[in-house]
Q: 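Quick one: this structure, given as structure tokens, is what I'll be asking you about.
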Number of protein chains: 2
Amino acid sequence: MDPIDRQIVALLVEDARRSYGDIGRRVALSAPSVKRRVDRLRTGGAIEGFTAVLDHDALGAGTEALVELFFAPGTLLDEVTARLEEHPEVVEAWSVTGDADAIARVRVGDARDLERLIMELQRDGSVVRTRSQIVLSRLVARGRG
Amino acid sequence: MDPIDRQIVALLVEDARRSYGDIGRRVALSAPSVKRRVDRLRTGGAIEGFTAVLDHDALGAGTEALVELFFAPGTLLDEVTARLEEHPEVVEAWSVTGDADAIARVRVGDARDLERLIMELQRDGSVVRTRSQIVLSRLVARGRG
DNA sequence: GGTGAAATCGTCGCCAA
DNA sequence: TTGGCGACGATTTCACC
């Protein structure tokens, strides 16, 4: 992981479909050499993959919310993770310090779906309370930097 | 935006570097036809772009946190957005309902950087209070759904 | 890390349904 | 309009230096 690797990563975050030749020109390396580095970064796990960034508003999709989760005493993180992964509406989730035990970023059709999702999450008793903040607008959105 | 477009979008979310030919084989379309659709999805705004998904732990990077922001009365959203965009540590931010006015997802080297960032954000008075929750671990992470 | 070569891919104009 | 075909230059991806 040298400065050139970092440059390559930054260029791919900016545009994942950039060609190796284009990257090579910017970092003064040949295309095969760039490919070797990218392959290494992928197998090494630094780059997990490449994805399309969607505009959910333009896609006619719905509502996003950040849901704080409060666990029952003695709840295992793995249980909650498994439960969250059952629901495709959960885009991302983190275990956090502070008031709540975890925060889930969810994408649902509308407020009714959110309500239903929250009920579902609480169903088996590992999540005993939630507190939701519905996203009104996205202020900042960067690659995944 | 027909079912084939949705399939194409899903395939690109899964792997943004897939070739048009590969996509075409999966949706029973020729490569040029797939390219036309992807071009249309991009100019139409449904697909904002393509990015690399990084593993920040593997990259030896630091701490992630969710910072709730409380604005001074009369603060404009655009002001705060501009302020947030000045700081590359802010990966994402949303204006939300509920207790806080906005939530920023930030990535910093360590807790000291977080402290410094928060001081910076509060400096001009539009953000009067913050409440941070440091991410202990990522529970769920899907493409960008 | 570079070079060269072969296979594949991106991209365009043109034509058919 | 939307999709397929053909063609050409660019790109990917090797083996080898």
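Order of the sequence lines sets the chain letters (A, B, ...), proteins ahead of strands, with each chain counted from 1. Because the structure is predicted, anything quoted here is derived from the model rather than measured.
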Q: Check whether any side-chain heavy atom of B:E48 sits under 4.5 Å from a side-chain heavy atom of A:L54, and report yes or no.
A: no

Q: Select from A:R17 and A:L29 the residue whose nearest nucleotide in DNA chain C is closer to the 5' end of that strand.
A: A:L29

Q: Have a look at A:S19 and say if it touches a base, only the backbone sugar-phosphate, or nothing, with a 4.0 Å heavy-atom cut-off.
A: sugar-phosphate

Q: How is B:R37 classified with respect to the nucleic acid when contacts are heavy atoms under 4.0 Å: base, sugar-phosphate, or nothing?
A: sugar-phosphate

Q: On DNA chain D, which is the earliest and which the latest nucleotide, 5' to 3', with an atom closer than 4.0 Å to a heavy atom of chain A?
A: D:dT11 to D:dC14

Q: Flag yes if more than 12 heavy atoms outside A:E115 fall under 6.0 Å of its CD atom; otherwise flag no.
A: no

Q: What residue among A:R105, A:H56, A:Q133 forms side-chain hydrogen bond (donor to acceptor under 3.5 Å, both in side chains) with A:E64?
A: A:R105

Q: Determine, using the 4.5 Å side-chain heavy-atom cutoff (strictly less than), whether A:I4 and A:Y20 are members of one ILVMFWY cluster.
A: yes

Q: Closer to the 5' end of DNA chain C via nearest nucleotide, is it A:R40 or B:K35?
A: A:R40

Q: For A:V80, is there any backbone N or O sitting under 3.5 Å from a side-chain donor or acceptor partner on A:S126?
A: no

Q: Ignoring hydrogens and angles, tell me if any N or O in the side chain of A:T43 forms a donor-acceptor pair with the backbone of A:D39 under 3.5 Å.
A: yes

Q: For DNA chain D, determine which residues of residues 3-11 of chain B have any heavy atom closer than 4.0 angstrom to one of its atoms, and list them numerically.
A: none

Q: Can you tell me if the side-chain N/O atoms of A:R36 get under 4.0 Å from OP1 or OP2 in C:dG2?
A: no

Q: Do B:D113 and B:R107 meet the salt-bridge criterion of a basic N to acidic O distance under 4.0 Å?
A: no

Q: Would you find a donor on one side and an acceptor on the other, under 3.5 Å apart, between the side chain of B:T75 and the backbone of B:F71?
A: no

Q: Between A:Y20 (OH) and C:dC9 (C1'), how many Å, whole number?
A: 13 Å

